[in-house]
Amino acid sequence: MEIDNSPLPPDRITQFIRKHHVLTLATSSDDGLWCSNLFYAYLREENALVFTSDDHTRHVREMAVNPRVAASVVLETRTVGKVQGLQITGTVERDPGDVEARTAYLRRFPYAAVAELRLWILRPDSMKLTDNTLGFGKKIAWSAYPQAE
């Protein structure tokens with residue numbers, strides 16, 4: 001499997017991200033691992049996923065201590081030839097009030113305008129897309145860091 005080290009992920013990965021709207025976020029603490037499902041919007045030029053979550057949730061408490069996270073986005077299907085799923089690692093930070101992030105989130109989820117939004121930004125440093133539509137087990141990988149040869 002080759003890993004693309006371009007500044008932004010390959011189009012096939014970003015197209016997959018844009019087709020979907022729920023990610024599973026994995027956090028960790030001394031109490032163990034935790035997964036949460038969250039609606040997200042994608043900022044292509046920043047390669048960032050924006051989501052909202054309240055401060056009292058377990059995953060936010062854990063992100064405050066350890067901002068390193070993993071995430072996944074998956075297409076649910078029973079047809080093996082259509083299986084697609086994206087694995088992500090990265091760092092999460094509280095949105096500093098970025099108008100672009102808020103605008104992108106509300107464009108994707110207009111009903112959220114009535115809620116008090118506490119936005120978070122996931123900045124991926126690696127992504128791996130498994131895409132069986134390209135052949136069984138075909139993987140496309142991207143990393144923000146150059147790989148040793």
Side-chain angles (χ1 to χ4, degrees), residues 1-29 33-54 57-60 62-113 117-149:
M1 171 179 56
E2 289 187 34
I3 299 176
D4 184 334
N5 294 118
S6 302
L8 294 173
D11 287 342
R12 185 159 300 266
I13 289 178
T14 59
Q15 289 166 1
F16 181 81
I17 292 170
R18 286 183 165 170
K19 266 194 224 178
H20 299 279
H21 62 275
V22 176
L23 65 81
T24 300
L25 181 75
T27 57
S28 64
S29 70
L33 303 172
W34 189 253
C35 288
S36 305
N37 295 310
L38 305 161
F39 291 111
Y40 70 87
Y42 183 61
L43 302 174
R44 169 77 168 116
E45 290 71 31
E46 292 184 38
N47 188 32
L49 294 100
V50 179
F51 61 91
T52 185
S53 196
D54 292 326
T57 61
R58 178 174 171 174
H59 58 277
V60 167
E62 291 181 353
M63 291 184 313
V65 175
N66 180 7
R68 290 289 300 159
V69 299
S72 68
V73 179
V74 65
L75 169 71
E76 283 193 46
T77 181
R78 291 178 185 235
T79 308
V80 173
K82 292 182 180 178
V83 168
Q84 294 177 308
L86 181 66
Q87 298 165 309
I88 302 167
T89 61
T91 304
V92 175
E93 61 190 40
R94 186 180 292 275
D95 175 41
D98 182 355
V99 173
E100 183 182 3
R102 183 178 177 80
T103 300
Y105 193 85
L106 290 175
R107 187 178 311 121
R108 191 107 196 250
F109 307 105
Y111 50 83
L117 296 180
R118 291 183 181 91
L119 294 176
W120 292 81
I121 298 175
L122 168 53
R123 300 199 185 278
D125 52 44
S126 71
M127 294 189 222
K128 182 175 73 173
L129 176 67
T130 300
D131 188 346
N132 281 2
T133 66
L134 301 174
F136 183 76
K138 175 68 177 174
K139 294 176 180 22
I140 300 168
W142 171 84
S143 175
Y145 308 111
Q147 301 298 306
E149 296 199 19

*Asks:* Within the structure provided, determine whether Y40 and V73 are in side-chain contact (heavy-atom separation under 4.5 Å).
*Replies:* yes
*Asks:* In the structure I gave you, are the side-chain heavy atoms of R123 and E46 within less than 4.5 Å of one another anywhere?
*Replies:* yes
*Asks:* Given side chain to side chain contact (heavy atoms under 4.5 Å, CB included), test H59 with L38 step by step and report yes or no.
*Replies:* CA-CA 11 Å; H59 58 277; L38 305 161; 3.9 Å; yes
*Asks:* Can you classify the ring geometry of Y111 versus F39 as parallel (below 30°), tilted (30 to 60°) or perpendicular (above 60°)?
*Replies:* perpendicular
*Asks:* Tell me, do S36 and R58 make a side-chain contact under 4.5 Å, heavy atoms counted?
*Replies:* no
*Asks:* Output, in order, the C-alpha distance, side-chain angles, deciding distance and verdict of side chain to side chain contact (heavy atoms under 4.5 Å, CB included) for N66 and S28.
*Replies:* CA-CA 7 Å; N66 180 7; S28 64; 3.3 Å; yes
*Asks:* How close do L106 and A113 get, heavy atom to heavy atom, and via which atoms?
*Replies:* CD2-N, 3.5 Å
*Asks:* Grab the two heavy atoms, one from D54 and one from R118, that are nearest each other, plus how far apart they are.
*Replies:* OD1-NH1, 3.2 Å
*Asks:* Indicate the atoms forming the closest heavy-atom contact of R102 with L119, along with that distance.
*Replies:* CA-CD1, 3.6 Å
*Asks:* Between NZ of K138 and CG of N132, what distance do you get to the nearest 0.5 Å?
*Replies:* 11.5 Å
*Asks:* Shortest non-hydrogen contact from P9 to M127?
*Replies:* CG-CE, 3.5 Å
*Asks:* If you measure from CG on L134 to CG on L129, what distance do you get to the nearest 0.5 Å?
*Replies:* 7.5 Å
*Asks:* Determine the sole option in L8, N5, I88, N47 for which the side chain to side chain contact (heavy atoms under 4.5 Å, CB included) test with W142 is passed.
*Replies:* N47
*Asks:* Could you grab the distance from atom CZ of F16 to atom OG1 of T130, nearest 0.5 Å is fine?
*Replies:* 9.5 Å
*Asks:* Can we say R44 and D11 salt-bridge, meaning some charged N sits less than 4.0 Å from an Asp/Glu carboxylate O?
*Replies:* yes
*Asks:* Main chain of Q15, side chain of Y42: is a donor-acceptor contact present, judged purely on distance under 3.5 Å?
*Replies:* no
*Asks:* What are the two closest heavy atoms between I140 and I13, and how far apart are they?
*Replies:* O-CD1, 3.8 Å
*Asks:* Between I17 and L86, does a side chain to side chain contact (heavy atoms under 4.5 Å, CB included) hold up when you go through it step by step?
*Replies:* CA-CA 8 Å; I17 292 170; L86 181 66; 3.5 Å; yes
